[in-house]
Amino acid sequence: MKIIESISEMKNVRWGMDGPVGFVPTMGYLHEGHISLVQRAKKENASAVVSIYVNPTQFGPKEDLKKYPRDIPRDLAMLEKAGTDVVFIPPDGDMYPTGYNTWVDLEKITERLEGAARPGHFRGVATVCNKLFNIVEPAKAYFGQKDAQQVLVIQKMVRELNMNLDIVVCPTVREPDGLAMSSRNTYLKPDERKAATVLYKSLQLAQKLYDSGERDAGKIRRQMTEFIQKESLAHIEYISIANVNTLDEQEKIAPPSLVSMVVRIGAPRLLDNIILK
Ligand code: AMP
């Protein structure tokens, strides 16, 4: 496994690599969710490249950029075991040199949900992914359904800018009790970790109501809210039931619908979602 720490070296190594190349962009502090993407990239391509980069431009001024968890030696051990060919760890000065001024800004779809809660977040995400795609030149890039809006933003950017790669969406990997794996779960104290199971349980409640014929999104949202409010450590930021492509909120569910949510458990914001089909 090669470890590369500059853009110029990554471009050089890329020329010698067997294609097609599968690419998994990450911010590190890896878990089984990330590894599932790497394994899929490895299976479907001749080579797998994984980037580890905590992208400063997707964090707001009051967000957790500085304390975002990092453990490169542990990440490298996990990536080696998963059969990664190249790990790309670019420095900030290489990615955003002094005077850097070029941004990818998607309209509308980035104004809702996570975009509304985190102004500028998707500008940072789209820009860094565009840069990484240009550097790594993958045939396919792998993203997790856990970040459903991010998937939509990246797919739209690739489509609308006629970029030469496919985006592959992989299912959310969960802990045995249903909590979606996330690097930020490490922020949870033991009692908060227990409380965090309300997210997936409330999504399962939505699925159950839908399966029994309920199509009134307001009723489903209300029952999810009541369920979550029984957990005193949980604070709902939003629960959305929306068209899976446009993210337009639905009053009456017309599948496939994305049920997505952010709940704060203590300080951490936890995200989760399911698709009603
Ligand atoms: P991050 O390091 O949080 O930026 O995540 C890197 C990639 O891993 C993104 O495409 C995420 O959607 C994906 N990912 C994060 N958590 C999970 C999970 N629990 N299951 C599947 N994919 C995930």
Side-chain angles (χ1 to χ4, degrees), residues 23-27 37 51 53-65 68 90 92 95-97 99-138 140-170 172 182 184 217-218 221 236-264 269-276:
F23 176 48
V24 183
T26 82
M27 299 206 300
L37 272 52
S51 63
Y53 183 56
V54 183
N55 174 37
T57 66
Q58 71 190 65
F59 287 77
K62 291 191 184 133
E63 292 180 4
D64 57 345
L65 172 63
Y68 194 83
D92 282 341
M95 290 295 276
Y96 300 106
Y100 184 90
N101 266 328
T102 305
W103 304 101
V104 182
D105 224 334
L106 284 86
E107 294 173 355
K108 296 242 160 47
I109 200 178
T110 58
E111 286 155 20
R112 315 193 164 165
L113 307 178
E114 283 306 278
R118 305 181 66 187
H121 171 66
F122 286 117
R123 184 174 95 140
V125 169
T127 301
V128 82
C129 286
N130 194 336
K131 286 168 70 69
L132 291 168
F133 294 165
N134 288 342
I135 297 162
V136 176
E137 296 193 38
K140 293 181 179 174
Y142 295 78
F143 288 84
Q145 176 60 33
K146 162 148 185 299
D147 298 285
Q149 192 177 7
Q150 171 170 280
V151 164
L152 290 177
V153 168
I154 299 299
Q155 284 173 326
K156 196 167 163 65
M157 172 183 80
V158 164
R159 197 167 57 240
E160 294 187 352
L161 294 180
N162 313 102
M163 299 169 81
N164 287 322
L165 78 159
D166 293 329
I167 300 302
V168 181
V169 185
C170 303
T172 301
S182 163
R184 288 187 168 102
R221 208 181 295 112
I236 298 168
E237 207 172 281
Y238 64 77
I239 297 174
S240 157
I241 303 180
N243 177 288
V244 80
N245 296 310
T246 62
L247 298 184
D248 288 336
E249 288 296 317
Q250 296 182 331
E251 277 171 37
K252 188 170 182 297
I253 294 178
S257 298
L258 178 71
V259 186
S260 65
M261 64 201 311
V262 169
V263 176
R264 275 184 201 277
R269 293 176 84 241
L270 302 182
L271 273 81
D272 206 346
N273 70 80
I274 53 166
I275 294 174
L276 300 177

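A search for side-chain hydrogen bond (donor to acceptor under 3.5 Å, both in side chains) contacts involving Gln149 returns nothing, not counting sequence neighbours. Take Thr110 and apply the side-chain hydrogen bond (donor to acceptor under 3.5 Å, both in side chains) test, not counting sequence neighbours, and it matches no residue. Residues that satisfy the side-chain hydrogen bond (donor to acceptor under 3.5 Å, both in side chains) test with Tyr238, not counting sequence neighbours, are Glu114. Listed by chain and residue number, Gln145, Ala148, Leu258, Ser260 satisfy the side chain to side chain contact (heavy atoms under 4.5 Å, CB included) test with Asn273 (two or more places apart in sequence, or in another chain). Residues forming a side chain to side chain contact (heavy atoms under 4.5 Å, CB included) with Thr57 (at least two apart in sequence, or on another chain): Asn55, Tyr96, Trp103. For Asp166, the salt bridge (charged side-chain N to carboxylate O under 4.0 Å, His left out) test picks out no residue, with sequence neighbours left out. With sequence neighbours excluded, no residue satisfies side-chain hydrogen bond (donor to acceptor under 3.5 Å, both in side chains) with Asn245.
Taken to the nearest 0.5 Å, the CG atom of Asp248 stands 9.5 Å off from the CD1 atom of Ile109. In this structure, CG in Asn243 is found 10.0 Å from CD in Glu249, a value given to the nearest 0.5 Å. Between atom CG of residue Leu276 and atom CD of residue Gln250 there is a gap of 9.0 Å, rounded to the nearest 0.5 Å. Note that the CG atom of Leu165 and the NZ atom of Lys140 stand 11.0 Å from one another [nearest 0.5 Å]. For the atom pair CE of Met163 and CD of Glu137, the computed distance is 10.5 Å after rounding to the nearest 0.5 Å.
Nearest heavy-atom pair across Ile275 and Pro256 is CG2-CB, 3.9 Å. Nearest heavy atom pair, residue Gly144 against residue Leu37, reads N-CD2, 3.9 Å. Pro138 and Phe23 get closest at one heavy-atom pair: CB-CB, 3.5 Å. In terms of heavy-atom proximity, Ser257 sits nearest to Ile253 at OG-CG2, 3.3 Å. When every heavy atom of Ser51 is checked against every heavy atom of Pro25, the shortest pair comes out as OG-CA, 3.2 Å.
For the salt bridge (charged side-chain N to carboxylate O under 4.0 Å, His left out) condition, no pair includes a residue of residues 99-111, sequence neighbours left out.
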Side-chain atoms of residues 117-135: list all donor-acceptor pairs with protein atoms under 3.5 Å, sequence neighbours left out, distances to 0.1 Å.
unit_1: Arg118; atom_1: NE; unit_2: Glu63; atom_2: OE1; d: 3.2
unit_1: Arg118; atom_1: NE; unit_2: Glu63; atom_2: OE2; d: 3.1
unit_1: Arg118; atom_1: NH2; unit_2: Glu63; atom_2: OE1; d: 2.6
unit_1: His121; atom_1: ND1; unit_2: Gln58; atom_2: O; d: 2.9
unit_1: Thr127; atom_1: OG1; unit_2: Val104; atom_2: N; d: 2.9
unit_1: Thr127; atom_1: OG1; unit_2: Arg123; atom_2: O; d: 2.7
unit_1: Asn130; atom_1: OD1; unit_2: Asn134; atom_2: ND2; d: 3.3
unit_1: Lys131; atom_1: NZ; unit_2: Met95; atom_2: O; d: 2.9
unit_1: Asn134; atom_1: ND2; unit_2: Asn130; atom_2: O; d: 3.4

Expected list for residues 154-162: side-chain donor-acceptor pairs under 3.5 angstrom, two or more places apart:
unit_1: Lys156; atom_1: NZ; unit_2: Glu160; atom_2: OE2; d: 2.7

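Taking 4.5 Å as the limit, some side-chain heavy atom of Tyr142 sits within range of a side-chain heavy atom of Val168.
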